[in-house]
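All values below come from the heavy atoms of this structure, side chains included, with hydrogens, waters and symmetry mates left out. Convention: sequence-line order gives letters A, B, ...; per-chain numbering from 1.
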Protein chains: 2
Amino acid sequence: MSAEQSQRMMSMCESARVHVDELLVVLAKSKMLNILYILNCDTKPLRFSEIKRRVNSSSTTVTRRLGELEKHDLVTRTVFPTVPTTVEYSLTKAGIALQPSLESLFDWVLDFADESQN
Amino acid sequence: MSAEQSQRMMSMCESARVHVDELLVVLAKSKMLNILYILNCDTKPLRFSEIKRRVNSSSTTVTRRLGELEKHDLVTRTVFPTVPTTVEYSLTKAGIALQPSLESLFDWVLDFADESQN
DNA sequence: CCGCATCCCTACGGATACTG
DNA sequence: CAGTATCCGTAGGGATGCGG
């Protein structure tokens, strides 16, 4: 662990972690990691229905999560003036910066899921 | 992204993600990432009260989270026959394997928190 | 197709009080 | 100290139905 990181950890472990905690709460919401994950799977933008299908959740929840992600500038929402409407979601720069973390995390989850087939 | 990972991602994105989903649900519970995080901060085991103090949560919740972590073999619970009782928690092998992912994730969270001081 | 409003209903977190 | 048991309030997810 780097010195810089340790230092930031110290300050974070102990106090003034408001922003960090808030972000963790957001990331911890139901289906949130799933959505970020599938947006990572494909490099190209995904449609609403496609996301909904893949995370296997209600449209209400998917809408909520995508709204929160957009609010926190993690995804971009693009509306196409087709009939009926087409909407595509893609990761922002900040969202893309999450990729290594998520890859690493899901690698672990997959490995762990492999091992613990109890 | 490696070919192997892509392949596992494909199968995971589409179907049979029961275990993975379950793990995600566990990881997404309140204070869960926080607890894993502080267990990562120190290399040495932590006492219950110390964990509780750092995550700033009720003993009920801390107990629940630690129980779930233990159930999923991510932490080890060690009881010392002192009076009053002393209990220490430490990461298991699987828990330690999570370290890189968490470090990466929290790095991102910290960076992101730095940027978005709105 | 996308997605919001509404209602319902459960699961989850916190407070409190109590044990070994 | 390290929990457990209980109660309770609420946040949050799902179903349904509608609108752009």
Any chance you could encode DNA chain D as dot-bracket? Rule is Watson-Crick or G-U wobble with both distances under 3.5 Å; [ ] for pairs crossing earlier ones, | for another strand. ||||||||||||||||||.|
[X]: partners by side chain to side chain donor-acceptor pair (under 3.5 Å), with sequence neighbours left out:
| X | answer |
| --- | --- |
| B/Ser30 | none |
| A/Glu68 | A/Arg65 |
| A/Thr61 | A/Ser58 |
| A/Ser101 | B/Ser104 |

Annotated protein contacts, base or backbone, on nucleotides 13-20 of chain D with a non-hydrogen cut-off under 4.0 Å, one of B, S, - each: BBBB---B
Where chain A begins and ends its contact with DNA chain C, read 5' to 3' at 4.0 Å from heavy atoms: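 Extent of the interface on DNA chain C: C/dC1 to C/dA5.
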Is the closest side-chain heavy-atom distance between A/Leu74 and A/Leu91 below 4.5 Å?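 The answer is no, as the side chains (C-beta and beyond) never meet within the 4.5 Å cut-off.
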Are A/Met32 and A/Leu69 side-chain neighbours, meaning at least one heavy-atom pair lies under 4.5 Å?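 A/Met32 vs A/Leu69: side chains touch.
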OP1 or OP2 of D/dC1 sitting under 4.0 Å from any side-chain N/O of B/Arg47?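 No, no such contact exists.
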Kindly write out the residues that satisfy side chain to side chain contact (heavy atoms under 4.5 Å, CB included) with [X], not counting sequence neighbours, or none if the list is empty.
| X | answer |
| --- | --- |
| B/Pro45 | B/Glu88, B/Ser90 |
| A/Thr86 | A/Arg47, A/Phe80, A/Thr82 |
| A/Thr63 | A/Phe48 |
| A/Val83 | none |

Pick base, sugar-phosphate or nothing for A/Ser49, based on heavy-atom distances below 4.0 Å to the nucleic acid.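 It contacts sugar-phosphate atoms only.
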Once you apply a heavy-atom cut-off of 4.0 Å, does B/Phe80 come out as touching a base, just sugar-phosphate, or nothing?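 Here B/Phe80 touches no strand at all.
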Without decimals, in angstroms, what is the distance between [X] [atom1] and [N] [atom2]?
| X | N | atom1 | atom2 | result |
| --- | --- | --- | --- | --- |
| B/Glu88 | D/dG3 | CD | P | 12 Å |
| B/Leu66 | D/dA2 | CG | P | 11 Å |
| B/Arg77 | D/dC1 | CZ | P | 16 Å |

State which residues pass salt bridge (charged side-chain N to carboxylate O under 4.0 Å, His left out) with A/Lys44; sequence neighbours excluded, sorted by chain then number.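 For A/Lys44, the residues satisfying salt bridge (charged side-chain N to carboxylate O under 4.0 Å, His left out) (neighbours in sequence not counted) are A/Asp42.
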